[in-house]
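Heads up: the structure comes next, in structure tokens.
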Amino acid sequence: MRIGELSRRTGTPRRLLRYYEEQGLLLPSRCRNGYRAYDEHAVDRVMQIRGLLDAGLPTRIIKQVLPCLDKPRTIHFPRPEPEMIATLRDERDRMTERIRSLTRNRDAISEYLDAVLRAGATGTTAPEPSTRPAPEAEPS
DNA sequence: TTTCTCACA
DNA sequence: TGTGAGAA
């Protein structure tokens with residue numbers, strides 16, 4: 001398929017698909033006219049890239065780990081360099097920390113929402129923001 | 001419709 | 001990390 005179809009099927013702007021290629025995340029073949037040609041597998045791959053970016057991984061890390069995540073039970077690097085193991089551990093821990101942070105912020109929002117809705121129902125006022133734990137910034 | 005590149009937030 | 005514009 002060409003870039004337009006992949007864009008439509010993944011909900012990813014064409015511009016961004018070219019950007020991912022430039023970053024080494026996608027390697028489409030080329031038609032005679034120079035148009036990019038993507039196989040069926042590219043759809044899943046793009047979704048996975050989006051997910052990892054959303055999880056906070058930079059493209060250069062994604063490029064490294066993407067083959068490992070394809071089918072986690074397959075060993076892609078029989079002799080994994082210690083550096084790769086370290087990278088994977090590092091990113092896993094970063095994600096864990098991010099999940100913790102997201103959970104905390106979600107709970108803070110949820111708690112406030114409950115209080116506001118309760119107040120709306122009873123006609124009383126919502127609690128002062130300062131009585132609740134401060135929202136926490138996600139790690140950068 | 002697609003390509004590319006340069007500049008920019 | 002991503003976007004906009006212009007030209008082919």
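Note on naming: letters A, B, ... go to the chains in the order of the sequence lines (proteins, then strands), and numbering restarts at 1 for each one.
Counting only distance, with no hydrogens or angles, the side chain of A:Ser101 and the backbone of A:Glu97 share no donor-acceptor pair below 3.5 Å.
A salt bridge links A:Arg94 with A:Asp90; the closest basic N to acidic carboxylate O contact falls under 4.0 Å. Taking the charged nitrogens against the carboxylate oxygens, A:Glu5 and A:Arg2 have no contact shorter than 4.0 Å, which rules out a salt bridge. A:Glu22 and A:Arg36 are not joined by a salt bridge, as no carboxylate oxygen comes within less than 4.0 angstrom of a charged side-chain nitrogen.
OP1 or OP2 of C:dG2 lies within a sub-4.0 Å distance of a side-chain N or O belonging to A:Tyr20.
At a threshold of 4.0 angstrom between heavy atoms, the contacts of A:Arg18 include nucleobase atoms, whether or not backbone atoms are also involved. Note on A:Arg60: nothing from the nucleic acid sits closer than 4.0 angstrom, heavy atoms only.
You can see that DNA chain B meets the heavy atoms of chain A within a 4.0 Å-exclusive cut from B:dT1 to B:dC6, reading 5' to 3'.
Smallest separation of non-hydrogen atoms from A:Ser7 and A:Thr12: OG-O, 2.7 Å.
Annotation: of the two residues near DNA chain B, A:Glu22 and A:Gly4, the 5′-most nearest-nucleotide partner is A:Gly4.
Computed from coordinates, the A:Tyr19 OH to C:dT1 P distance equals 4 Å when rounded to whole Å. Between the CG atom of A:Leu57 and the P atom of C:dT1 there is a distance of 10 Å, given to the nearest Å.
Between A:Asp39 atom CG and A:Leu27 atom CG the span is 10.5 Å, to the nearest 0.5 Å.
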